[in-house]
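Contents: one structure, followed by commentary.
This is a predicted model, so every value here is computed, not measured.
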Amino acid sequence: MGRSQWRRWRIVALLTVLLSALLSLGVAAPLAHAREREVAPPLKTYPVQGPSEEVVVRDTEEHISQQALRVEIADRTSADSRNLQPYKEATAHLPKDATGFPDWMKALREGLIKPRAGLAPNASMNVLDLDIVMKNTKEMPNVRFPHLSHTMWLDCSNCHPTPFEPKAGAASIKMADIFRGQFCGMCHDRVAFVTFFSCFRCHSVPQAAAKP
């Protein structure tokens, strides 16, 4: 094979490869999009409290707040850790909120879970039906704190006198402190709903209109 023939053969081979690649990209891309449309999971709606009535989330989508579940909280050096039931498996039967975490109050009201009042068989809950409205919320709606939904789970001593002194205005609560795990953040963002993505579950009381 002469040098000129070798060059022509190499050019033809290169053009053939490039043409094949372009054709495969042009055909494969629409097919991939078609397959994606065909297998797109159904939409799921989660009821939430706030201005909008529902949030639409795909079954396969993971809310950004779910990344917290990837943090290892069990002591894997303990032989008993292997007996722990995975979190998502344990909560799979419970209703979910807009972020995909268990809606604990809905589960409680529906009888799916039954918290125990104490270790003693005759222990009883000290349930208190009293709402506290916190008004020092700047431009945000005021915060309604419902004792009822909390005392259905917890005894008063869990929150009083630490971290909340049972006196109006005694605690100076800032959102930054809550995000750092203080005050409400001792449970929220860790056990109960994620505050950063559920603002209007607490900030639920519109501020009174300013006087002219």
Side-chain angles (χ1 to χ4, degrees), residues 46 48-50 55 57 61-78 80-81 83-92 94-109 112-113 115-119 125-128 130-205 207:
Y46 295 109
V48 295
Q49 298 177 7
V55 174
V57 183
E61 287 182 352
E62 184 181 71
H63 195 276
I64 187 172
S65 64
Q66 293 289 321
Q67 295 176 7
L69 296 182
R70 301 195 188 111
V71 178
E72 183 62 71
I73 59 174
D75 180 8
R76 295 302 173 186
T77 61
S78 171
D80 292 328
S81 65
N83 298 323
L84 294 175
Q85 186 179 19
Y87 171 82
K88 287 193 174 182
E89 179 184 316
T91 59
L94 299 178
K96 304 297 189 295
D97 64 15
T99 61
F101 280 98
D103 187 329
W104 296 107
M105 282 308 301
K106 186 175 181 180
L108 180 61
R109 293 189 183 102
L112 298 174
I113 52 178
R116 295 183 60 178
L119 297 177
M125 296 284 191
N126 295 317
V127 177
L128 175 63
L130 172 66
D131 288 354
I132 301 295
V133 177
M134 305 176 188
K135 298 182 178 180
N136 188 17
T137 55
K138 296 185 178 180
E139 71 280 1
M140 289 289 288
N142 295 153
V143 170
R144 183 188 302 279
F145 176 83
H147 276 88
L148 179 62
S149 58
H150 289 81
T151 55
M152 292 173 72
W153 302 82
L154 301 168
D155 185 74
C156 304
S157 59
N158 284 278
C159 300
H160 303 302
T162 304
F164 301 102
E165 184 180 343
K167 179 182 178 181
S172 178
I173 305 172
K174 299 180 177 64
M175 285 306 304
D177 294 332
I178 293 176
F179 294 149
R180 294 188 183 103
Q182 302 174 29
F183 298 109
C184 311
M186 294 178 70
C187 285
H188 290 287
D189 296 340
R190 287 150 181 81
V191 178
F193 65 80
V194 182
T195 55
F196 189 80
F197 299 99
S198 310
C199 303
F200 290 98
R201 294 186 69 167
C202 297
H203 291 272
S204 60
V205 182
Q207 293 193 24

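Note that CE of Met152 is 4.0 Å distant from CG of Leu108, once rounded to the nearest 0.5 Å. With rounding to the nearest 0.5 angstrom, the CG atom of Leu148 is 5.5 Å from the OG1 atom of Thr151. Within the model, atoms CG of Leu128 and OG of Ser149 stand 11.0 Å from one another, a figure rounded to the nearest 0.5 Å. In this structure, NE2 in His160 is found 10.0 Å from CG in Asp155, a value given to the nearest 0.5 Å. Between the NE2 atom in His188 and the CZ atom in Arg201 there is a gap of 8.5 Å [rounded to 0.5 Å]. We find the CZ-CE distance between Phe200 and Met140 to be 5.0 Å, quoted to the nearest 0.5 Å.
Ring geometry for Phe164 against Phe183 counts as tilted: the plane angle lies between 30° and 60°, on a 0 to 90° scale.
Judged purely by atom type and a 3.5 angstrom limit, Asp189 uses its side chain to pair as donor or acceptor with the backbone of Thr195.
For the pair His147/Ile132, a side-chain contact is recorded, criterion being any heavy-atom separation below 4.5 Å from C-beta on. The shortest side-chain heavy-atom distance between Ile178 and Ile173 falls under the 4.5 Å cut-off. Side-chain contact between Pro115 and Met125 is present, with heavy atoms from C-beta onward closer than 4.5 Å. Residues Phe196 and Thr99 have side chains not in contact (no heavy-atom distance under 4.5 Å, counting atoms from C-beta outward). Two residues are said to be in side-chain contact when any heavy atoms from C-beta on lie closer than 4.5 Å; Asn136 and Ser172 fail this criterion.
Pairing each heavy atom of Gly181 with each of Met186, the nearest pair is O-CG, 3.4 Å. When all heavy atoms of Arg116 and Leu119 are compared, the pair lying nearest together is NH2-O, 3.3 Å. Across Pro141 and Gln207, no two heavy atoms sit closer than the pair CA-CG, 4.3 Å. What you find for Leu112 and Pro95 is that their closest heavy atoms are CD1-CD, 3.6 Å. Of all heavy-atom pairs between Pro161 and Pro166, the closest is CA-CD, 4.1 Å.
Taking the side-chain contact (heavy atoms from CB on, under 4.5 Å) definition, one finds that Thr91 meets it with Tyr87, Leu94, Pro102, Trp104, sequence neighbours left out.
The neighbour count for Met105 CE, taken as heavy atoms of other residues, nucleotides or ligands under 6.0 Å away, is above 12.
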